[in-house]
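Below, all heavy atoms of this structure are taken into account, side chains as well, without hydrogens, waters or symmetry copies.
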Amino acid sequence: MLFVMTSLIFLHLLLGLRAIDSTADTWRRCTDLLPLDLLSFVLERDPSKLMTGVQVKQAGGVRGVHFSSPNPSMSFPSSQLLVDCDLFPKEFSIVVTLKVPSIAPKRNEYIFSLKEPKQVEKRGVGEEEEEHDKGYILERNKERTVGEVQRHGEREKKRRVKSNTEHGRVILGLRFSKKRLHFLFRGHGGVVEHWVFQGAGLADNQWHTLVLGVDSHHVRLTVDCNTPLEIVPSRPFPSDLNIQGSKFHIGSRGRWKGLYSGLLRQLVLVPGLDATHHICPSSDPQLAVLSVPPLLSDLHAMGREAHDHVTSHETEERVSVGLERSCSVLVQGQMWFNPLRKCLYLCDGAVWIPVLEDQKRLDYVLEHQVLTTSSETHDIEVFEVAGMGLMAAMAHRSASGSAVYLWSHTGFQLYQNISTYGALAWRHFSIGKKIFLVVSNSADGPDKRKVSETDISVIYKWSKRRKQFVRFQTLQTHCARDWEAFSIDQQTYLAVANHRQGDNNHTIDSVIYKWNGLTKSFEVHQMLPTSGAYDWEFFTVGPYHFLVVANAFDGVTTSVDSVIYIWVRGSFQVFQTIKTFCATDWEMFQIGSRIFLVVANGHRLHGKGPSQYAINSTIYELDLTGQLFVRFQDIVTYSAVDWEFFSLGEEYFLVVANSFNGDSYSLNSILYRWQGYEGFVPVHWLPTIGCSDWEFFSSKGESYLIYSSGKAPLSKVFRLKTH
């Protein structure tokens with residue numbers, strides 16, 4: 001199914017490929033984000049209880065939240081969700097599911113608002129928010145059409161006195177009166193723009209799902225998947241709406257006046273696109289779902305009730321089915337079946353307790369072997385050779401050479417020494433039945449005293465007769481940091497990450513080599529410009545092939561773009577660029593049908609300024625609709641140099657190689673477990689010394705992790721105990 005879906009979505013990409021830069025304007029405007037579930041964000045802070053002033057009520061068998069008073073817990077800084085963003089997205093949509101009482105109050109009520117910091121408690125002539133509370137615009141526009149409201153708004157703006165000294169005003173908000181839905185925002189020159197949809201018919205004591213879509217030319221309101229109401233504004237939504245220091249307020253604007261009196265079930269901000277096509281058509285359009293908080297997700301628990309009432313666990317369905325579910329006192333005693341893990345859980349009021357499961361689950365991590373090596377190790381490559389078993393090639397720093405180890409029941413044992421010079425990485429690959437190893441050398445010989453203009457990397461071939469790796473081919477490289485081997489259309493390729501040429505030249509070409517079956521050798525196929533390249537990662541999505549490079553340094557700063565390439569008609573072309581900070585590794589992984597990329601960011605450095613080693617590394621997810629990778633989760637790391645993804649049964653894990661925190665190389669590397677809605681959460685802290693690489697492997701039904709140290713002559717093997 002995934003293959004068919006990606007084929008359809010990417011079809012026109014191949015017809016008109018273009019470079020997509022997600023690090024310039026899109027980065028600042030937050031358009032590279034997934035849908036942001038504002039309601040879940042506040043309700044799931046403490047799933048064990050509801051905050052004061054918030055109740056869960058049920059109407060027609062459907063649950064929503066009711067606000068009896070404004071609560072600080074229903075407000076939060078916008079920077080907590082719109083990370084590293086100065087400007088609000090210029091194109092977006094808002095999805096809301098709500099129920100408005102038939103007797104709606106005359107005053108305006110806010111579904112949500114985004115307000116600037118309130119620093120001065122004074123009101124000026126130009127304060128639009130207070131004017132709206134008094135019906136300043138509403139009364140004047142009572143009987144006007146949308147177009148008349150817009151024209152009148154233009155005349156009103158000319159009369160207003162602008163004040164740049166007032167604070168605490170609404171930057172953006174969605175509210176309703178009895179007959180109208182209002183969308184307001186801070187427009188050009190600081191004047192509040194006001195778009196009004198009449199005849200929405202929301203105050204009828206029924207559930208409704210609204211999608212408000214805003215782009216550069218139109219504003220559309222779709223109610224219950226019906227024909228949209230449309231406004232063509234005289235001026236587009238601003239592309240420079242500053243949200244620095246602002247706060248979201250859910251169900252209010254932070255005050256009693258304007259508090260929402262109905263039920264709210266869904267509130268999602270979708271940057272960059274119109275979400276209408278994601279939820280419409282729907283078999284139940286009044287309750288169409290994009291993202292509903294788990295606390296409210298059980299529909300039709302006791303049938304459609306005629307009146308509101310507060311829910312309790314006695315009235316809920318006893319077993320729910322799904323991939324994600326929150327456990328709290330509100331659902332204590334309920335059972336949950338996860339079809340992916342094939343496990344049945346019971347909620348004890350705080351956590352889900354497994355009742356019945358048949359999959360492996362990680363219990364804890366045991367130290368299995370401490371392997372003394374000849375020197376520090378930059379990289380480990382674990383692979384299997386038929387007739388021999390499991391092997392590990394270790395890239396040792398010293399000029400005395402690197403080593404290949406063979407696995408036994410007690411651990412890895414030295415098998416073969418190979419002459420290398422400042423080895424940085426190994427890569428295993430095969431062509432037909434032939435097995436190869438390629439090493440990245442960063443020096444040109446044992447007597448090397450300074451960085452050479454050209455380093456020699458070597459491909460080794462496994463000799464069945466000698467049962468050893470023998471020298472096969474040499475390739476000119478430049479302080480090569482990584483090799484990646486892959487096949488496309490039954491052709492074998494090697495990509496080398498050339499880090500620098502000489503002492504200072506980091507902006508050089510990295511090379512894609514192709515296997516020539518006639519000459520029995522690798523030949524240059526394509527040159528790609530890189531900046532201090534550190535790593536290549538190849539992956540395939542359906543029929544499409546991608547190659548992503550980790551760019552680390554351009555000679556001045558570590559804040560450089562890493563590049564994702566796509567294979568088009570025999571060569572790689574730019575697909576997307578992503579801003580990274582001394583990127584040292586990319587790891588692709590898949591969970592179900594979802595495709596992810598995680599980058600290891602090493603540190604921030606610009607010019608001769610200080611380095612920052614505690615920095616976010618980021619997980620990106622492939623947005624099939626938007627045809628690019630968007631930010632999914634940030635994880636704080638400490639000069640990270642590697643990620644490793646693996647699974648045990650139906651559980652998924654990431655482990656990061658933390659190498660340096662600015663003071664010490666002895667620090668924890670962390671193992672994270674996939675928790676669905678929560679993303680990856682830390683579950684094990686593993687003490688490491690200058691960790692340079694992690695590798696996962698299995699042997700005779702047991703699972704292991706091995707790490708190498710770039711600062712001490714040792715490696716460690718951990719056994720993953722499961723139950």
Side-chain angles (χ1 to χ4, degrees), residues 359-371 373 377-385 389-395 404-412 425-429 437 482-485 535-539 584-592 595-600 617 619 635 637 640-659 668-675 680-688 691-710 714-723:
Q359 297 291 338
K360 282 185 177 181
R361 296 186 67 204
L362 180 62
D363 191 357
Y364 53 88
V365 182
L366 301 171
E367 188 175 289
H368 181 76
Q369 179 189 16
V370 178
L371 180 62
T373 54
T377 303
H378 289 293
D379 178 68
I380 302 174
E381 176 79 346
V382 179
F383 57 96
E384 192 154 353
V385 174
L390 206 64
M391 288 185 157
M394 298 192 180
V404 176
Y405 293 81
L406 182 65
W407 177 257
S408 69
H409 67 282
T410 58
F412 283 108
W426 284 101
R427 185 65 65 195
H428 157 266
F429 63 96
L437 272 178
D482 182 60
W483 285 96
E484 181 78 341
D535 178 69
W536 284 108
E537 176 81 348
F538 175 83
F539 60 98
T584 55
D585 180 61
W586 284 100
E587 179 86 349
M588 176 269 181
F589 58 93
Q590 183 170 349
I591 298 177
I595 307 295
F596 297 91
L597 272 177
V598 58
V599 65
S617 291
I619 302 170
I635 297 176
T637 54
V641 292
D642 183 58
W643 284 101
E644 180 77 357
F645 174 82
F646 62 94
S647 61
L648 291 173
E650 296 298 333
E651 289 194 326
Y652 305 97
F653 299 88
L654 277 174
V655 60
V656 66
N658 285 324
S659 65
N668 289 324
S669 291
I670 302 177
L671 181 64
Y672 300 86
R673 180 169 58 204
W674 173 254
Q675 292 288 89
F680 284 92
V681 299
V683 290
H684 290 280
W685 285 257
L686 305 172
T688 54
C691 187
S692 59
D693 190 27
W694 281 102
E695 290 291 322
F696 170 82
F697 64 95
S698 299
S699 176
K700 296 182 179 178
E702 297 285 350
S703 299
Y704 301 87
L705 282 172
I706 181 172
Y707 99 86
S708 59
S709 171
L714 63 86
S715 291
K716 283 189 178 181
V717 180
F718 297 92
R719 183 167 66 89
L720 305 181
K721 187 177 184 300
T722 60
H723 69 275

Undergrad: Any idea how Phe718 and Tyr707 line up, ring-wise: parallel (<30°), tilted (30 to 60°), or perpendicular (>60°)?
TA: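 Parallel: the ring planes of Phe718 and Tyr707 meet at under 30°.
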
Undergrad: Strictly distance-based, threshold 3.5 Å: is any side-chain N or O of Glu367 a donor or acceptor partner for the main-chain N or O of Gln369?
TA: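 Checked: no pair found.
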
Undergrad: Can you check side-chain contact (heavy atoms from CB on, under 4.5 Å) on Val365 and Leu705, steps first, answer last?
TA: CA-CA 9 Å; Val365 182; Leu705 282 172; 5.6 Å; no

Undergrad: Which heavy atom of Ser669 sits nearest a heavy atom of Ala657, and at what distance?
TA: OG-CA, 3.7 Å

Undergrad: Is there a donor-acceptor pair closer than 3.5 Å between any side-chain N or O of Arg673 and the backbone N or O of Val683?
TA: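 Not at all, since once roles are kept as given, no pair shorter than 3.5 Å links the two residues.
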
Undergrad: With side-chain contact (heavy atoms from CB on, under 4.5 Å) as the criterion, how do Val382 and Leu390 come out once you've worked through the C-alpha distance, each side chain's angles and the decisive distance to 0.1 Å?
TA: CA-CA 7 Å; Val382 179; Leu390 206 64; 4.0 Å; yes

Undergrad: Under the side-chain contact (heavy atoms from CB on, under 4.5 Å) criterion, do Leu437 and Phe383 qualify, and how do the steps go?
TA: CA-CA 10 Å; Leu437 272 178; Phe383 57 96; 3.8 Å; yes

Undergrad: Can you check whether Leu371 reaches Val717 side chain to side chain, under 4.5 Å on heavy atoms?
TA: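 The answer is no, as the side chains (C-beta and beyond) never meet within the 4.5 Å cut-off.
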
Undergrad: For the atom pair CD1 (Ile670) and CG (Leu654), what is the distance rounded to the nearest 0.5 Å?
TA: 12.0 Å

Undergrad: Phe697 and Trp407: aromatic ring centres closer than 6.0 Å?
TA: yes

Undergrad: Where is the tightest heavy-atom contact between His428 and Glu381, given as atom of each residue plus distance?
TA: N-OE2, 3.0 Å

Undergrad: For Trp674, run the ring pair (Phe, Tyr, Trp, His ring centres under 6.0 Å) check against Phe653, Phe596, Phe645, Phe646 and tell me which one passes.
TA: Phe596

Undergrad: Looking only at atom types and distance, does a side-chain atom of Ser709 sit under 3.5 Å from a main-chain N or O of Ser715, one as donor and one as acceptor?
TA: no

Undergrad: Please round to the nearest 0.5 Å and tell me the distance separating atom CG of Asp482 and atom OG1 of Thr584.
TA: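 If we round to the nearest 0.5 Å, Asp482:CG and Thr584:OG1 are 10.5 Å apart.
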
Undergrad: Which atoms form the tightest heavy-atom contact between His368 and Gly411, and what is the distance?
TA: NE2-N, 4.3 Å

Undergrad: Please walk me through it: do Phe429 and Phe538 pass ring-ring contact (aromatic ring centres under 6.0 Å, His included)?
TA: CA-CA 13 Å; Phe429 63 96; Phe538 175 83; over 10 Å; no

Undergrad: What is the minimum heavy-atom distance between Ser692 and Ser708, and which atoms define it?
TA: OG-OG, 2.7 Å

Undergrad: Are the side chain of Trp694 and the backbone N or O of Val656 linked by a donor-acceptor pair below 3.5 Å?
TA: yes

Undergrad: What's the separation between atom CG in Leu597 and atom CD1 in Ile619, rounded to the nearest 0.5 Å?
TA: 10.5 Å

Undergrad: State whether the side chain of Trp426 and the backbone N or O of Met394 hold a donor-acceptor pair below 3.5 Å, judged by distance alone.
TA: yes

Undergrad: Could you measure the distance from the CD atom of Glu702 to the CG atom of Leu720? Nearest 0.5 Å is fine.
TA: 9.0 Å

Undergrad: Compare every heavy atom of Ala392 with every heavy atom of Ile380, then report the nearest pair and how far apart it is.
TA: CG2-CB, 4.3 Å

Undergrad: Do you know the tightest heavy-atom contact between Asp535 and Trp586?
TA: OD2-N, 3.0 Å

Undergrad: Can you check whether Leu648 reaches Ser703 side chain to side chain, under 4.5 Å on heavy atoms?
TA: yes

Undergrad: With rounding to the nearest 0.5 angstrom, report the CD to CD distance, Glu587 to Glu644.
TA: 5.0 Å

Undergrad: Decide, yes or no, whether a salt bridge links Arg427 with Asp379 under the criterion of side-chain N to carboxylate O below 4.0 Å.
TA: no

Undergrad: To the nearest 0.5 Å, how far apart are CZ in Phe680 and OH in Tyr652?
TA: 10.0 Å

